[in-house]
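Structure, as structure tokens:
Order of the sequence lines sets the chain letters (A, B, ...), proteins ahead of strands, with each chain counted from 1.
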Amino acid sequence: MLGNRKPTDFEILVYEIVRKVPLGTVTTYGRVTKRLGRGTARSVGTALSKNPFAPEVPCHRVVRADGSLGGFDGHTSGPRLQDKRRMLEEEGVTFLPDGRVAPACIRDAG
DNA sequence: CACCTGACATAAT
DNA sequence: AATTATGCCAGGT
């Protein structure tokens with residue numbers, strides 16, 4: 001099978017941090033890197049796109065720096081992204097009229 | 001080893 | 001404000 005592989009050390013580190021993001025809040029790809037002291041926002045996104053530990057690792061609580069959603073379940077648009085938004089709304093995260101997460105809900109990782 | 005791709009971020013247009 | 005170009009770095013081929 002092509003999709004099956006062991007998570008790398010870097011990916012494990014990312015999951016360790018994202019695991020701790022509290023209900024009702026979100027953090028950003030960039031803030032995760034900062035907390036990690038390694039990699040870039042982009043490489044964190046790539047790691048999360050392969051997250052094999054959902055929902056134990058709540059990767060839906062990680063969004064872009066400007067509050068836009070980013071991706072979910074390997075997709076950057078479409079119904080998966082809608083799922084991500086619904087999940088966040090369920091948890092109490094509020095959205096602006098333009099579809100971005102309200103800045104007040106964005107917290108530092110860690 | 002030499003590319004290539006990707007759930008990003010920021011600066012410049 | 002919206003779009004484009006560049007830089008970034010980890011992982012796969």
Side-chain angles (χ1 to χ4, degrees):
Chain A
M1 306 282 288
L2 273 62
N4 298 359
R5 93 195 160 5
K6 256 184 341 183
T8 65
D9 294 358
F10 176 76
E11 288 164 349
I12 296 295
L13 291 172
V14 170
Y15 302 146
E16 282 291 320
I17 291 184
V18 173
R19 183 189 295 166
K20 304 182 220 150
V21 178
L23 193 82
T25 74
V26 301
T27 190
T28 71
Y29 300 99
R31 281 167 184 254
V32 173
T33 33
K34 201 169 184 183
R35 177 69 172 69
L36 207 54
R38 184 169 145 193
T40 62
R42 198 165 180 136
S43 51
V44 166
T46 302
L48 289 180
S49 76
K50 302 164 184 168
N51 171 28
F53 303 119
E56 185 79 359
V57 174
C59 57
H60 63 282
R61 296 185 194 142
V62 186
V63 302
R64 287 186 179 170
D66 67 353
S68 57
L69 281 183
F72 187 57
D73 197 34
H75 297 260
T76 53
S77 63
R80 295 309 190 321
L81 224 46
Q82 296 306 308
D83 292 343
K84 181 172 181 176
R85 173 169 179 159
R86 273 204 307 280
M87 293 166 73
L88 291 175
E89 286 175 333
E90 286 292 319
E91 298 178 354
V93 173
T94 61
F95 285 76
L96 301 179
D98 59 15
R100 292 157 43 231
V101 172
C105 300
I106 306 179
R107 272 186 54 89
D108 208 2

- Item | Partners passing ring-ring contact (aromatic ring centres under 6.0 Å, His included) against A/Phe95 (at least two apart in sequence or in another chain) | none

- Query: What is the minimum heavy-atom distance between A/Thr28 and A/Ala65, and which atoms define it?
  - Reply: CG2-CA, 4.0 Å

- Query: How close do A/Pro58 and A/Arg19 get, heavy atom to heavy atom, and via which atoms?
  - Reply: CD-CA, 3.8 Å

N/O to N/O distances under 3.5 Å, protein versus nucleotides 3-10 of chain C:
| residue | atom | partner | partner atom | Å |
| --- | --- | --- | --- | --- |
| C/dG7 | O6 | A/Arg42 | NH1 | 3.2 |
| C/dA10 | OP1 | A/Gly39 | N | 3.4 |

- In terms of hydrophobic clustering (I, L, V, M, F, W, Y; side-chain heavy atoms under 4.5 Å; direct or indirect links), are A/Leu88 and A/Val21 co-clustered? no

- Message: At a heavy-atom distance below 4.0 Å, what parts of residues 85-110 of chain A sit against DNA chain B?
- Response: none

- Which ones in residues 54-68 of chain A lie close to DNA chain B, meaning a heavy atom under 4.0 Å from one of its atoms? A/Cys59, A/Arg64, A/Ala65

- Message: Among A/Arg31, A/Lys34, A/Arg35, exactly one meets salt bridge (Lys or Arg N to Asp or Glu O under 4.0 Å) together with A/Asp108. Which residue is that?
- Response: A/Arg31

- Query: Nearest heavy-atom pair of A/Pro7 and A/Ile12: which atoms, and what distance?
  - Reply: CB-CD1, 3.8 Å

- Between C1' of B/dA7 and CZ of A/Phe72, the distance in whole Å: 10 Å

- Message: Rounding to an integer number of Å, can you tell me how far A/Lys50 NZ sits from C/dG11 P?
- Response: 7 Å

- Query: Is the shortest side-chain N to carboxylate O distance from A/Asp98 to A/Arg100 below 4.0 Å?
  - Reply: yes

- Note on the structure: Of all heavy-atom pairs linking A/Ala109 and A/Thr27, the shortest is N-OG1, 3.4 Å

- With a 4.5 Å heavy-atom cut-off, do A/Thr40 and A/Tyr29 have their side chains touching? no

- Item | Pair A/Arg86-A/Glu90, salt bridge (charged side-chain N to carboxylate O under 4.0 Å, His left out): steps then yes or no | CA-CA 6 Å; A/Arg86 273 204 307 280; A/Glu90 286 292 319; over 6 Å; no

- Select one nucleotide: of B/dA9, B/dA7, C/dG11, the one nearest the side-chain heavy atoms of A/Ala41. B/dA9

- Task: Identify, residue by residue, the members of residues 20-34 of chain A with a heavy atom below 4.0 Å from DNA chain B, and return them in order of residue number, or none.
- Result: A/Tyr29, A/Gly30

- Message: Need one value for A/Asn51: base, sugar-phosphate or nothing, where a base atom within 4.0 Å counts as base even if backbone is also close, heavy atoms only.
- Response: nothing

- Item | Closest approach of A/Val93 to A/Thr25 (non-hydrogen atoms, all atoms of both residues) | CG2-N, 4.0 Å

- Shortest non-hydrogen contact from A/Ser77 to A/Leu81? CA-CD2, 3.7 Å

Which pairs would a plain distance check flag for residues 45-56 of chain A, meaning a side-chain donor or acceptor within less than 3.5 Å of a matching protein atom at least two apart in sequence or in another chain?
| residue | atom | partner | partner atom | Å |
| --- | --- | --- | --- | --- |
| A/Thr46 | OG1 | A/Arg42 | O | 3.1 |
| A/Ser49 | OG | A/Thr46 | O | 2.6 |
| A/Asn51 | OD1 | A/Phe53 | N | 2.8 |
| A/Asn51 | ND2 | A/Val57 | O | 3.1 |

